Each structure stands twice: as structure tokens, then as C-alpha cells.
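Predicted model only: the values in this text are computed from it and were never measured. Numbers restart at 1 for each chain; the letters A, B, ... are given by sequence-line order, proteins then strands.
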2 protein chains.
Amino acid sequence: MLTRSEEDHLKAVHALLQTIGADGKAAKAAGTKDIAERLRTKASSVTDMLKKLAAKGYLKHEPYYGVKLTAKGETLALQLVRRHRLWETFLVERLGFGWDEVHEVAEQMEHVASDKLTDRLDDYLGNPGFDPHGDPIPDRKGKIRTKRTQRLSLCKGGEAVRIAAVSDTTDGLLRLLDSKGLRIGTQLTVLEVHAFDGSMDIKPKNGAAFSLSKDVSHHLQVERG
Amino acid sequence: MLTRSEEDHLKAVHALLQTIGADGKAAKAAGTKDIAERLRTKASSVTDMLKKLAAKGYLKHEPYYGVKLTAKGETLALQLVRRHRLWETFLVERLGFGWDEVHEVAEQMEHVASDKLTDRLDDYLGNPGFDPHGDPIPDRKGKIRTKRTQRLSLCKGGEAVRIAAVSDTTDGLLRLLDSKGLRIGTQLTVLEVHAFDGSMDIKPKNGAAFSLSKDVSHHLQVERG
DNA sequence: AATAAAAATTAGATATGTCTAAAATAAGTT
DNA sequence: AACTTATTTTAGACATATCTAATTTTTATT
């Protein structure tokens, strides 16, 4: 069993290795300074922790160079990411939290260790592929789906997206979409989201702008770009 | 902000002060030995912790006698009990956990500190008055309802109960209950619960035994005795 | 290539929460 | 009341996780 701090360090390493640097590619190893910044601690403290985690077999530490995760560490990090994103999804979709206020709480919940809990929560939420921010949720084996889609209703003003899927295929909904010229593949820009009722103004690439109720945008899965 | 260990000590004190002793009344103060046993630690460690919590104003510590909670400590302890029991309810009612396998997980979840989360969860669950074990759930002000009712579906074989309420008042359900002679106030004994489909065999006080599907027992609120 | 700057590590200090063993106090017993 | 037993506290040790300051190593610059 790892302590909370150990888990946090492992997750920070994982996140840094995912991050794409200025040169356009992901780093091969994470440095203590960056890890320290992420965890709001000091590089010397991180060094100590990395040694401990390396001794336990979660990562490889090459002094003065950096750390990489072992397979064991990667598995555990993905587990943490999985828990974090599942709880974020729960908070937003079931408890009505705003997508921007769930991070801190999920940061605490992700440390609750119970595979049964995680897997049941996953089922309860309908095995979502992506969290409210559009980040992919690893499945119980740690596998990550690559398509990045999210509900149109969760987009913010200014985002340019393409319709990827319609999640609830009701005749009425499809007819409505068709009448507005919206179908799979349609590219559009979100102009503004109205906090009052969740409705949004959108502008399809080849057409005039119009408004969409939250009931509709909720069922549209879009991908970025 | 309290540490996890501080919260655990506070909760242990609270639990011990609730407990009714051999003499039939609750203790006036909790002793270090009992607290230590509950937390699987040593009395000397508890003494240290009690001093710290007393210094922070959560409890009054009379050396060699015991501790009582201050109003501040009582509030916090009730908050922890509230969180614990709400999560237990969530685990059983929404994720399908068995009532006997939720304690450990809830023990971890109760330390997630967010009033917004707690209150939203409460609403999401329909502001339940009692957890799956029949223990009362303090409301957001710390108030505890005194009636102890729970779903018949959560009772185990051997329990003798009285029907207190029907939670989902569908015509069909009420007709069904009526045809079986079940109504508010009916006393009955649970003979056996079948793990396979959740159905149960019950015996009303004045009548022959018969079986009840989980769909039905789920909607019956009963009280003990 | 020499030097300056940045980053990582080590060494030693501090705070926390736990422990064991010994001393102090309270409660029970004859 | 004196003695025995149980409980609580104190004192000192230890492991963990953090920090600052000093040292080592790597990277960048002239």
C-alpha cells in the first residue's frame, strides 16, 4: 500500500511524461524540479521520495538525469488517473457540479483504494470514455480510448468542434438536428453559453448562427478541431 | 483542517460517548484505553492526540479521568458520521454493494472534506434518514432523526419488523400489498433472504408465510421490533 | 575549453505520529 | 486502611515526510 504522498508523486511523474514539450514531443524522463513545482514542494524532498519509489519498483531513477515509470508504476498511475476522471464524471453528471470545480474534490477521492468501488462506479456511469474535460478515462485494464469526444453541452464559448456522434438516438432529436442542418461531421463554433439555462449559440461552418437548448447539446458528442 | 488521524480520534471519542454501557447509560467521558482499542493503537499515543485536540478546542481533557467533546468537536464528529453514512447509503443503494462490505470503503470516503459534495450527495440520495444498517444520518445541521426505519429489502433473515411506510406509492404496488394482507403497522418476521434474486420469505404475525420479490421489499420501509 | 547558470543531490534540522518502558494516579479487594 | 491491579501519563526512541543550506553534476554561454 502506498501513502497518499507516494501516490501523488507517481501521478506527477506520469503526468509530466504525458506532457508534450516545446519541441513537440513528450519527455523521456521527468526531473525533480518539475515534479516539485507540480506538487508544491521542493526538489530535495522529491529526490527522497523518488528513491523510495524506485526501491519499491515503481520507477527507474537515474541520478542527475530523471525518472521513468516501470510497468508496475505505469499501471498504478493509470489506476489513479482512472479514479480521478471517473469521480470527476460522477460529480458533474450526477451531482451537478460545474466542470471547473471538481478537480480538488476528485484529487481527494482518487486516493480511496478499492477496485470494486472503481469498477462499480465505472458501470454506474455507463463506462464513459471521457471525463467532463474531454480527457480519456482508462478502462479497468488501463487501456485508454483514443477518440476524444465530449458532450457539446460541456463546451465553452470560442471552441471549434466537429459533431462525432449523437448519444441518445431519439427520432425527435434526429429530426430536429436534421432540420437545423446538423449531422455527423458538421463543423461548428460555439459562440456563447448562457449560464441561465445552459443554452448555447453556435455557428455551423457553412451557415448562419442560431441557438441550441441544453437538452439538445447534451446529446451531441463532439471532437475538437 | 484536521489530519486523518485527528478525525479518527474525534470520531472514536464520539462513538464511545454514544455507546451504552453495562449499567444501561452512556458514559460521561471516554478513556484512552478504549479509544486506543478502537483505533488499533496504544493508550499513550491516544493521550498525545487528545492533548493536541484539546489544545485546538475540539474536546476537554481531564487527566486520568477522560475526555468529552466540546460543541465544536461534537459538530465535527457529526459531520464525519454524516459523511460516513451517506457514502454507505450510496454504495449500497446505487452501486449495489452488500450492506456488510461498505464500512471499510466508507471509512476512507468520510475523510473527503467538501460541504458542497456532502450536501449534494445527500440530495442525490433523496435525503435519507437512515443508512443501510438502520443507523440515523445527521442532516446538514447535525440533527438526527429519531425514527429508525429502513428498507425491508435490506433486512436479514431472523429480523422481526413492523411496516412503517411505503416509499414508492404506485397503485399497482399498493394493490399487491393489500392482496397479501400487508399494510402500515403489520408486524412480520423475515425468514430467509435468497442471495440469488434478492427475494425474501416473510411471515406476517397473523398469517402464513410467503415470498416477496426484491422489487416489492425494496419499497417497504420498516422499523425494528 | 573555461566559466557561468541551472538542476539534482546530500546532509542535517524540524514536525508529526507512533511506539516501549517506566512512573503516576485511580479503582478494586481483602 | 493497606495492598494489588488497572489505567493513564510521561519520557525518550524511532520512522516518515518535509524543509534549508551546501555540494555535486549537468547544461548553456561566451
*Considering residues at least two apart in sequence or located in another chain, which fulfil the side-chain hydrogen bond (donor to acceptor under 3.5 Å, both in side chains) criterion with B:Lys56?*
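Result, side-chain hydrogen bond (donor to acceptor under 3.5 Å, both in side chains) vs B:Lys56: B:Glu6.
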
*asked:* Which residues pass the side-chain hydrogen bond (donor to acceptor under 3.5 Å, both in side chains) test with A:Ser45, not counting sequence neighbours?
replied: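 Listed in chain order: nothing, the list is empty.
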
Could you check how far [atom1] of [X] sits from [atom2] of [N], rounded to whole Å?
X       : N      : atom1 : atom2 : result
A:Met49 : D:dT18 : CE    : P     : 6 Å
B:Tyr65 : D:dT9  : OH    : P     : 13 Å
B:Leu50 : D:dT7  : CG    : P     : 16 Å
B:Arg4  : C:dT18 : CZ    : C1'   : 16 Å
A:Glu62 : D:dT25 : CD    : P     : 15 Å
B:Asp48 : C:dA21 : CG    : P     : 17 Å
B:Asp34 : D:dA6  : CG    : C1'   : 12 Å

*Might you point out which heavy atoms bring B:Ala36 and B:Ala43 nearest each other, and give the distance in Å?*
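Taking B:Ala36 first and B:Ala43 second, the nearest heavy atoms are CB-N, 3.5 Å.
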
*Compare every heavy atom of B:Met200 with every heavy atom of B:Ser217, then report the nearest pair and how far apart it is.*
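Smallest heavy-atom distance, with atoms named: CB-SD, 4.2 Å.
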
*Output all residues satisfying ring-ring contact (aromatic ring centres under 6.0 Å, His included) with A:His103, sequence neighbours left out; order by chain, then residue number.*
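A:His84.
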
*Using only side-chain N and O atoms of B:His61, determine if any of them is under 4.0 Å from OP1 or OP2 of D:dT8.*
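So the side chain of B:His61 is outside the cut-off, no N or O lying under 4.0 Å from OP1 or OP2 of D:dT8.
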
*What does B:Ser5 touch in the nucleic acid at a heavy-atom separation under 4.0 angstrom: a base, only the sugar-phosphate, or nothing?*
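Answer is sugar-phosphate: B:Ser5 comes under 4.0 Å of backbone atoms only.
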
*Please list, by residue number, the residues of residues 38-46 of chain B whose heavy atoms come closer than 4.0 Å to an atom of DNA chain C; answer none if no residue qualifies.*
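B:Thr41, B:Lys42, B:Ser44, B:Ser45, in order of number.
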
_Sequence neighbours excluded - side-chain hydrogen bond (donor to acceptor under 3.5 Å, both in side chains) pairs with any residue from residues 116-130 of chain A_ =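 Checked against side-chain hydrogen bond (donor to acceptor under 3.5 Å, both in side chains) - neighbours excluded - the pairs reaching residues 116-130 of chain A are A:Arg82-A:Asp119, A:Arg82-A:Asp122, A:Lys116-B:Glu101, A:Asp122-A:Asn127, A:Asp123-A:Asn127, A:Asp123-A:Arg140, A:Tyr124-B:Arg94, A:Tyr124-B:Tyr124.
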
*According to the side-chain hydrogen bond (donor to acceptor under 3.5 Å, both in side chains) rule, which pairs have a member within residues 64-75 of chain B, sequence neighbours left out?*
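Every pair satisfying side-chain hydrogen bond (donor to acceptor under 3.5 Å, both in side chains) with a residue in residues 64-75 of chain B: there are none.
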
*For A:Gln108, which residues count as a side chain to side chain contact (heavy atoms under 4.5 Å, CB included) partner, sequence neighbours excluded?*
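For A:Gln108 the side chain to side chain contact (heavy atoms under 4.5 Å, CB included) partners, ignoring immediate neighbours, are A:Arg4, B:Val112, B:Ala113.
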
_Pairing residues for B:Glu104 by the side chain to side chain contact (heavy atoms under 4.5 Å, CB included) criterion, not counting sequence neighbours_ =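 Partners of B:Glu104 under the side chain to side chain contact (heavy atoms under 4.5 Å, CB included) test: none.
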
All N/O contacts under 3.5 Å from nucleotides 2-7 of chain C to the protein, with atom names and distances to one decimal?
from	atom 1	to	atom 2	distance (Å)
C:dA7	OP2	A:Lys33	NZ	3.4

